[in-house]
Asks: 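So that we are looking at the same thing, I have put the structure below in structure tokens.
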Amino acid sequence: MQQAAKTYLNPAQQTIGFFEPTQPDGKPGTSSAGSSRTVENFSPGKPVDPAELAKYLPPATSATDSGKQSLPEEFTLNNGLRVLLLRDRNLPTINLSGQIDAGSEFDGNQKAGLANLTAANLMNGTQTKNALTLAKTLEDRGADLNFGASREGVSVSGEGLSANLPILIQTLADVLENATFPADQLELSRQRALTSLKVQLDDPRGLGRQVFQQAIYPENHPFHSFPTAESLKSITRDDLLGFYQTHYRPDSTTIALVGDFEPVEVKALLNQAFGKWSATGKPPVLKIPSVPLPQTLTRLNKVIPGKSEAVTYIGYNGISRKDPRYYAALVLNQILGGDTLASRLGTEVRDRQGLTYGIYSGFAAGINPGPFLIQMQTAPLDTQKAIASTLALLKQLREQGVTEAEFNTAKRSITNSYPVDLANPSDVSSIILNNAVLGLSPSEIREFPQKIQAVTMAQMQQAIEDLIKPENLIIVTAGPGETVPKGS
């Protein structure tokens with residue numbers, strides 16, 4: 001290291017370049033506060049022709065035929081636990097994905113954070129093993145098992161060598177059936193959650209996302225709740241036990257396994273490990289109310305002093321994964337902001353106008369409709385310009401639609417990237433799990449590219465009309481208060 005530093009980090013051999021902004025007439029600009037500002041045109045230019053971008057990108061390769069992708073075998077244990085098995089003998093490994101219907105949508109505002117604390121404490125002890133024993137059982141074999149709560153469920157992820165699948169399954173079953181939630185470990189996880197909350201509320205991304213979500217969903221909506229210091233401190237061990245006993249049920253759990261195994265042996269293993277797990281009655285079900293769009297454009301600002309950047313969220317409630325417009329929306333988003341390098345938001349607001357560090361858009365389409373959002377990071381004094389440019393671009397999209405070249409390139413981009421996901425066993429286990437949880441056909445893993453290619457220009461234009469509403473946006477900016485230039 002020292003030799004490399006002496007060889008290459010030589011100040012005498014450095015080259016320094018300067019960037020000097022100029023006025024529109026080409027004369028050097030000045031940095032004095034009294035100088036006139038350069039007048040920029042923040043109205044969107046013509047959409048970039050994908051063919052121009054293609055000159056600077058590697059040639060596209062033909063997509064792997066997803067029609068040859070094997071389909072998972074699906075069955076249900078007597079207690080209601082759903083299982084998906086997909087054999088893959090390319091590597092001697094196992095990838096496990098799972099979901100339990102015990103997400104933060106069940107928290108409520110008074111106990112916000114309960115689902116997360118419950119999931120975080122699952123591996124802290126069972127009736128026969130303490131946290132150290134559970135961890136050592138897996139780590140000694142190079143296996144891994146993790147839990148994490150999201151809005152619509154608790155995700156389970158595990159991996160290891162095929163030979164250690166019994167240990168992985170037995171540990172998962174022990175944790176799901178026999179977790180004890182030791183009081184001392186709960187206090188440690190509570191302190192971690194309080195520290196994480198403090199960091200989140202001091203981060204423009206974290207605070208902005210929370211304010212944006214709560215501006216879309218009213219206080220009585222399951223998607224409104226976020227942890228507070230008060231709610232986290234109010235959660236007791238009895239709360240965790242009650243939540244665990246109510247929501248962690250075999251008939252609320254789905255498990256997907258991809259890897260090198262014998263299906264008959266795995267079925268016997270699963271029946272042995274989970275056969276005694278049972279629940280009474282029907283699983284809890286939430287009725288998620290529909291959320292209308294805002295009547296007018298709404299702006300909210302949250303000040304965090306001392307920050308060097310501002311983060312802005314723009315959007316409103318969107319669609320669910322099973323919405324018939326989903327595939328058209330995916331293509332639309334690819335054009336709008338799904339790809340920072342080739343999307344309209346990226347090429348216009350970030351590259352041509354230089355107003356953001358990064359900008360993207362997305363549809364959070366789950367079991368229930370989630371937000372459509374645009375996120376951007378800006379220098380504070382560029383925030384209002386970037387917002388104005390984004391709104392102008394959305395209006396242009398609404399009024400003029402998309403070009404045939406953009407449309408075809410977006411579909412090709414999505415379908416060409418899909419085989420990359422199918423080449424990763426971990427991604428495959430997540431895909432087949434999500435398809436099952438979302439109520440999609442098992443053949444969706446094969447048919448997804450064809451459904452993207454089947455989107456028509458008429459469906460695209462209808463999706464724009466239905467889903468792009470520049471006059472109904474919620475705009476939330478979090479960061480330092482100085483987001484408007486002095487004198488503006």
Side-chain angles (χ1 to χ4, degrees), residues 103-105 107 109 112-113 115-116 119-120 148-152 155 192-217 221 223-229 231-232 294 297-318 333 336-341 343 345-346 348-351 353-366 370-391 393-394 473-484:
S104 60
E105 63 185 4
D107 278 355
N109 293 321
N116 276 284
S150 62
R151 188 66 65 177
E152 292 189 327
S155 63
R192 285 193 290 268
L194 287 167
T195 300
S196 177
L197 174 63
K198 188 175 181 180
V199 172
Q200 175 187 331
L201 296 181
D202 192 49
D203 180 358
R205 287 177 179 81
L207 179 60
R209 185 67 175 84
Q210 176 175 329
V211 173
F212 176 74
Q213 181 96 3
Q214 292 184 326
I216 295 175
Y217 301 102
H221 196 282
F223 289 4
H224 179 90
S225 66
F226 278 81
T228 64
S231 69
L232 289 172
L297 188 144
T298 304
R299 291 186 184 235
L300 299 170
N301 292 287
K302 286 293 180 179
V303 176
I304 310 179
K307 298 301 176 183
S308 59
E309 72 170 9
V311 177
T312 299
Y313 292 89
I314 301 174
Y316 35 65
N317 192 40
N333 186 69
L336 175 62
D339 185 329
T340 298
L341 293 178
S343 68
L345 288 172
E348 180 67 28
V349 185
R350 179 180 180 272
D351 295 342
Q353 299 179 14
L355 294 174
T356 71
Y357 304 125
I359 185 168
Y360 73 91
S361 64
F363 287 90
F372 161 71
L373 63 86
I374 297 170
Q375 179 186 336
M376 66 177 80
Q377 302 88 41
T378 58
L381 295 183
D382 286 335
T383 300
Q384 301 307 321
K385 298 175 185 176
I387 291 173
S389 178
T390 299
L391 296 184
L393 195 148
L394 289 173
L473 292 165
I474 290 175
I475 303 174
V476 174
T477 297
E482 307 81 17
T483 58
V484 178

Asks: How many angstroms lie between OG1 in T477 and CD in Q384, if you round to the nearest 0.5 Å?
Replies: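 Separation between the atoms: 6.0 Å.
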
Asks: Take Q200 and Q210 through the side-chain contact (heavy atoms from CB on, under 4.5 Å) test and state the conclusion after the steps.
Replies: CA-CA 9 Å; Q200 175 187 331; Q210 176 175 329; 3.4 Å; yes

Asks: Passes side-chain contact (heavy atoms from CB on, under 4.5 Å), I216 versus Y313? Steps please.
Replies: CA-CA 11 Å; I216 295 175; Y313 292 89; over 6 Å; no

Asks: Shortest non-hydrogen contact from S389 to V349?
Replies: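 Shortest heavy-atom contact: OG-CG2, 3.6 Å.
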
Asks: Would you compute the distance between atom CZ of R151 and atom CD of Q213 and round it to the nearest 0.5 angstrom?
Replies: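 These two atoms lie 5.0 Å from each other.
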
Asks: I'd like to know if the side chain of T312 reaches the main chain of M376, judged simply by a donor and an acceptor atom lying under 3.5 Å from each other, with no hydrogens or angles considered.
Replies: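 Checking the backbone N and O of M376 against the side chain of T312, no donor-acceptor pair under 3.5 Å is found.
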
Asks: Supply the atom-to-atom distance S104 OG to E152 CD, rounded to the nearest 0.5 angstrom.
Replies: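 If we round to the nearest 0.5 Å, S104:OG and E152:CD are 9.0 Å apart.
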
Asks: Measuring from F363:CZ to L336:CG, what's the distance to the nearest 0.5 Å?
Replies: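 Here the rounded value is 8.0 Å.
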
Asks: Is there side-chain contact between N109 and T228, with heavy atoms separated by less than 4.5 Å?
Replies: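 No, side chains not in contact.
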
Asks: Where is the tightest heavy-atom contact between V303 and G481, given as atom of each residue plus distance?
Replies: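 Minimum heavy-atom separation between V303 and G481: CG1-N, 3.7 Å.
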
Asks: With rounding to the nearest 0.5 Å, note down the distance linking CD1 in I474 to CD in Q214.
Replies: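 If we round to the nearest 0.5 Å, I474:CD1 and Q214:CD are 11.5 Å apart.
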
Asks: Calculate, to the nearest 0.5 Å, the distance between atoms CG and CD1 belonging to L207 and I304 respectively.
Replies: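 That separation rounds to 4.5 Å.
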
Asks: Testing I374, D339, L394 for side chain to side chain contact (heavy atoms under 4.5 Å, CB included) with L345, which one passes?
Replies: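 Of the listed residues I374, D339, L394, the side chain to side chain contact (heavy atoms under 4.5 Å, CB included) partner of L345 is I374.
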
Asks: Can you name the nearest heavy-atom pair linking G338 to S361, along with the distance?
Replies: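 Heavy atoms of G338 and S361 come nearest at N-OG, 3.9 Å.
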
Asks: Quick check on side chain to side chain contact (heavy atoms under 4.5 Å, CB included): which of Q377, R350, Q375 does I359 satisfy it with?
Replies: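 Single pass found, and it is R350.
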
Asks: Please check this pair: side chain of T390 against backbone of A386, looking for a donor-acceptor N/O pair closer than 3.5 Å.
Replies: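 A pair under 3.5 Å: yes.
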
Asks: Does K307 reach the main-chain N or O of D202 with its side chain, forming a donor-acceptor pair under 3.5 Å?
Replies: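 Present.
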
Asks: Could R205 and F212 be counted as a cation-pi pair, given that NZ or CZ must be under 6.0 Å from the ring centre and within 45° of the axis?
Replies: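 R205 over F212 ring: no.
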
Asks: Any idea which heavy atoms bring A115 and A149 closest together, and the distance?
Replies: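 Looks like O-CB, 3.7 Å.
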
Asks: Using side chain to side chain donor-acceptor pair (under 3.5 Å), reason through T378 and T356 one step at a time and then give a plain yes or no.
Replies: CA-CA 5 Å; T378 58; T356 71; over 6 Å; no

Asks: Where is the tightest heavy-atom contact between A112 and F226, given as atom of each residue plus distance?
Replies: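 Result for this residue pair: CB-O, 3.3 Å.
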
Asks: Classify the ring geometry between F223 and H221 as parallel (under 30°), tilted (30 to 60°) or perpendicular (over 60°).
Replies: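 Geometry flag for H221 against F223: perpendicular rings.
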
Asks: Identify the heavy atoms of S225 and D107 that sit nearest to each other, and give their distance.
Replies: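 Closest approach of S225 to D107: OG-CB, 4.2 Å.
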
